[in-house]
Asks: 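One structure is given below, represented as structure tokens, and several questions about it will come after.
Letters go in sequence order (proteins before strands), and every chain restarts at 1.
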Amino acid sequence: MTPVLVVGIYLLLLLGLGVLCSRFFRGTSADFFVASRSIGPFVLLMSVFGTTMTAFALVGSTGKAYVAGIGTYGLMASWSGLIHSAIFFLVGIKLWALGKRYGYMTQCQFFRDRFESSNLGYVLFPMLVALVVPYLLIGIMGAGAVLEGVTGAKGAKPAAFPELFASNNGAVPPWLTGLVISLVVLAYVFLAGVRGAAWANTFQTLVFMATGIVAFALIADALGGLKAASQAVETNAPQHLAREGKIGRWHFFSYLFIPLSVGMFPHLFQNWLTARSAKSFRLTVVAHPLFIMIVWVPCVLIGIWAAGIPLGVPVEKQNVVLGVMVRKLLDNPWLTGLLTAGILAAIMSSLDSQFMCIGTMFTKDIVVHAVGEKRFTDKQLLWLGRGFVIAIVAVTYTISLFAEGKGIFPLAVWCFSGFGALFPIVLAAVYWRRATKAGVYAALVVTAGVWFYFFRASGYGGEYLLLTDLFAENKAHPDHPTEGIMPVAVMFAACAATLVVVSLMTRPPSEQTIHKFFPRALEGVPTN
Amino acid sequence: MKPTHTIWLLVALLFILHQDFWLWSDRTLVFGFMPVGLLYHAGFSVAAALVWLLAVKFAWPKTIEDWATDEKRDE
């Protein structure tokens, strides 16, 4: 009961922050959609970091390390630290400048202008939304899994609500957790738009980073100290201390295409546009790899320690490992509640930006684009945006009720793969003047086809590697190959090759477009 | 060599150093608790931050700010 009370207090604090932030809300659609482009370096860093780190960062990383060992960090975190910052520096700053100068609020607005095609938005929009919705589900379902793990029975410890939630063995049911966090996020986004999300993200990022460190310290202490915890792994699960037999070399290398997804995330694009100036990006570019390290190293260690206990959680339920570790090892219900709130903070700091961005896209890319901006007053645009945010929250929550049964991690990889595969399009848009409308259309169609082919081959959402038959190390366990190529590498290559070949075969963009998007001021960025 | 070129060479070097094949099967616990492969990649994250610090300091796009906010001059 106490952990749920702590989570309740945390959610009330978040609502209070939303109300406070709404007092700074300027009441305009520009403030609702891009915070009047006024966000400074610290809030931008926290907002971007909070948005990129979802349930996946705390829950997924612990679960993955529980199964695959320490290679999880090199596979996901250190690649991300390098590549995310590269994209912020090389792509994000350019898109911010173009967005500020030409008044863009969504990705589709930029791509429509850059590739001289109004209809491009109608092709790109459903693809982006289709890839973001699973990402939203990951958050809602992840939150449900965590609270269920924390409040459920474990060993001699009874469940938190044996009578109230008897049908769920006394644990808080995922549908209720999903409903509550969806409503809380909706409240502060509705009240203050992107600024509300940015402020909430700053608070939530601080909470979940502190939570990870506190969880790490307390769990280490409960296991008899750092040395005792790791030496138990050495005794009971030594294979978790190295990559050999867990993550193959080609798998490890080809995973680099996954973090490229941040270049195409529509919610991150919107975050970039909120920056007050280009200088606001400096702190984000430098601190992002360090923040990833601060969150991921403790979680990966907790994951391998769970394997060393051994915890006894089956591999297919890896996402409950962190929740079970907290509940099993920490007797203090207040601390359990605090840690649970931290995990929810990581999840909600992504949900808010995603809800906000889809609401903005429906408003700007579909309704306003079709009807015309001049048909609406600014007040009407604001309420249109709010209406779409409510609708997307309701639809996503409803889908989450029917999406139980698949692990959140495999869903995440396919979502990231789609965005990562489309990265050549945004890179070409800002660096290659010869990229054409036909090239982009062809690249979108080919990438969607290749993505769906592999998604289907994986059994619609499982982990999946290519060319596994070529590697001898898979012969011992053909059902769970550890070596192979990530499908996203092939998707990326297909997208890039199609874009280049078709662009070179078709008429280049007009001189006017070239001058608009490749002015001398942006040439050679970064300059010396 | 220009500072910018040095920075991009360092970034390329990081991509190579990420492939820690020499630690492939090393299960050493540094300080008695930290797996050497994990410590290496934590250090890699710090190195990445330092390289991006150099990029921000020596390869910053100086004219981009003025261009983005100057509506009088599509110069």
Asks: How long is the span from the CD1 atom in A/Ile294 to the OG atom in B/Ser45, to the nearest 0.5 Å?
Replies: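 Separation between the atoms: 10.0 Å.
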
Asks: Do A/Ser78 and B/Tyr40 meet the criterion of a side-chain donor-acceptor pair at a distance under 3.5 Å?
Replies: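 No, because no side-chain N or O of A/Ser78 sits under 3.5 Å from a partner of the opposite role on B/Tyr40.
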
Asks: Restricting to non-hydrogen atoms, name the atom on A/Arg282 and the atom on B/Val56 that form the minimum distance, rounded to 0.1 Å.
Replies: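 Scanning both residues, the minimum pair turns out to be CG-CG1, 3.5 Å.
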
Asks: Does A/Phe216 have more than 12 heavy atoms from other residues, nucleotides or ligands lying within 6.0 Å of its CZ?
Replies: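 Yes.
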
Asks: Would you call the rings of B/His18 and A/Phe252 parallel, tilted or perpendicular if under 30° counts as parallel and over 60° as perpendicular?
Replies: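 Answer is parallel, since the angle falls under 30°.
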
Asks: What residue in B/Val51, B/Leu38, B/Leu54 has the most heavy-atom pairs under 4.5 Å with chain A?
Replies: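 Ranked by contacts with chain A, first place is B/Leu38.
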
Asks: Residues in side-chain contact (heavy atoms from CB on, under 4.5 Å) with A/Ala86, at least two apart?
Replies: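 In terms of side-chain contact (heavy atoms from CB on, under 4.5 Å), with neighbours along the sequence ignored, A/Ala86 is linked to B/Trp52.
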
Asks: Using heavy-atom distances under 4.5 Å, tell me whether A/Ile292 contacts chain B through its side chain, its backbone, both, or neither.
Replies: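 Neither part; nothing is under 4.5 Å.
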
Asks: Looking only at heavy atoms, which two atoms of B/Gly32 and A/Gln231 are closest? And how far apart?
Replies: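 So the two residues come closest at O-NE2, 3.6 Å.
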
Asks: Does any heavy atom of chain B fall under 4.5 Å from the side chain of A/Ile247, the backbone, both, or neither of them?
Replies: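 The answer is the backbone of A/Ile247.
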
Asks: Please state whether the side chain, the backbone, both or neither of A/Gln239 comes within less than 4.5 Å of a heavy atom of chain B.
Replies: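 Both the backbone and the side chain of A/Gln239 come within 4.5 Å of chain B.
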
Asks: Just to verify, what does A/Asp221 make a side-chain hydrogen bond (donor to acceptor under 3.5 Å, both in side chains) with, not counting sequence neighbours?
Replies: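 Here no residue qualifies.
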
Asks: Is a donor on one side and an acceptor on the other found under 3.5 Å between the side chain of A/Arg101 and the backbone of B/Trp67?
Replies: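 Present.
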
Asks: Within a strict 4.5 Å, meaning less than it, do heavy atoms of the B/Trp60 and A/Phe89 side chains meet?
Replies: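 Side chain of B/Trp60 against side chain of A/Phe89, heavy atoms only: contact under 4.5 Å found.
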
Asks: Check for me whether the distance between the ring centres of B/Phe44 and A/Trp79 falls short of 6.0 Å.
Replies: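 They do not qualify: ring centres at least 6.0 Å apart.
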
Asks: Among B/Val36, B/Asp20, B/Asp26, which residue has the highest count of heavy-atom pairs closer than 4.5 Å to chain A?
Replies: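 Counting heavy-atom pairs under 4.5 Å, the top option is B/Asp20.
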
Asks: Given side chains that start at C-beta, do those of A/Pro289 and B/Val46 come closer than 4.5 Å, heavy atoms only?
Replies: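 Contact flag for A/Pro289/B/Val46 side chains = no.
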
Asks: Answer with side chain, backbone, both or neither: which region of A/Lys279 has an atom nearer than 4.5 Å to a non-hydrogen atom of chain B?
Replies: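 A/Lys279 touches chain B through backbone and side-chain heavy atoms alike.
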
Asks: Which heavy-atom pair separates A/Phe253 from B/Gln19 by the least distance, and what is that distance?
Replies: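 Of all heavy-atom pairs spanning A/Phe253 and B/Gln19, the closest is CB-OE1, 3.4 Å.
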
Asks: Is there side-chain contact between B/Pro35 and A/Val233, with heavy atoms separated by less than 4.5 Å?
Replies: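 Result no, sub-4.5 Å side-chain heavy-atom pair not found.
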
Asks: Is chain B contacted by the side chain of A/Val300, its backbone, both, or neither, given a heavy-atom distance below 4.5 Å?
Replies: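 For A/Val300, side-chain heavy atoms alone lie under 4.5 Å from chain B.
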
Asks: How many angstroms lie between atom CZ of B/Phe33 and atom CG of A/Leu223, to the nearest 0.5 angstrom?
Replies: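 Going from the CZ atom of B/Phe33 to the CG atom of A/Leu223 covers 13.5 Å.
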
Asks: Looking at chain A, which one of B/Leu39, B/Leu23, B/Leu29 has the largest number of heavy-atom pairs inside 4.5 Å, strictly under?
Replies: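 Counting heavy-atom pairs under 4.5 Å, the top option is B/Leu29.
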
Asks: Just how far is it from atom NZ of A/Lys100 to atom CD1 of B/Ile64, taken to the nearest 0.5 Å?
Replies: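 Between A/Lys100 NZ and B/Ile64 CD1, I get 12.0 Å after rounding to 0.5 Å.
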
Asks: Can you tell me how far apart CD (A/Glu244) and CZ (B/Arg27) are? Round to the nearest 0.5 Å.
Replies: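 One finds 6.0 Å between CD of A/Glu244 and CZ of B/Arg27.
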
Asks: Locate the shortest heavy-atom distance separating A/Val297 from B/Ala42; write the atom from each residue and the value.
Replies: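 Shortest heavy-atom separation between A/Val297 and B/Ala42 comes out as CG2-CB, 4.1 Å.
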
Asks: Could you tell me whether the side chain of A/Leu226 reaches within less than 4.5 Å of the side chain of B/Met34, counting heavy atoms only?
Replies: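 Sidechains of A/Leu226 and B/Met34: no contact.
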
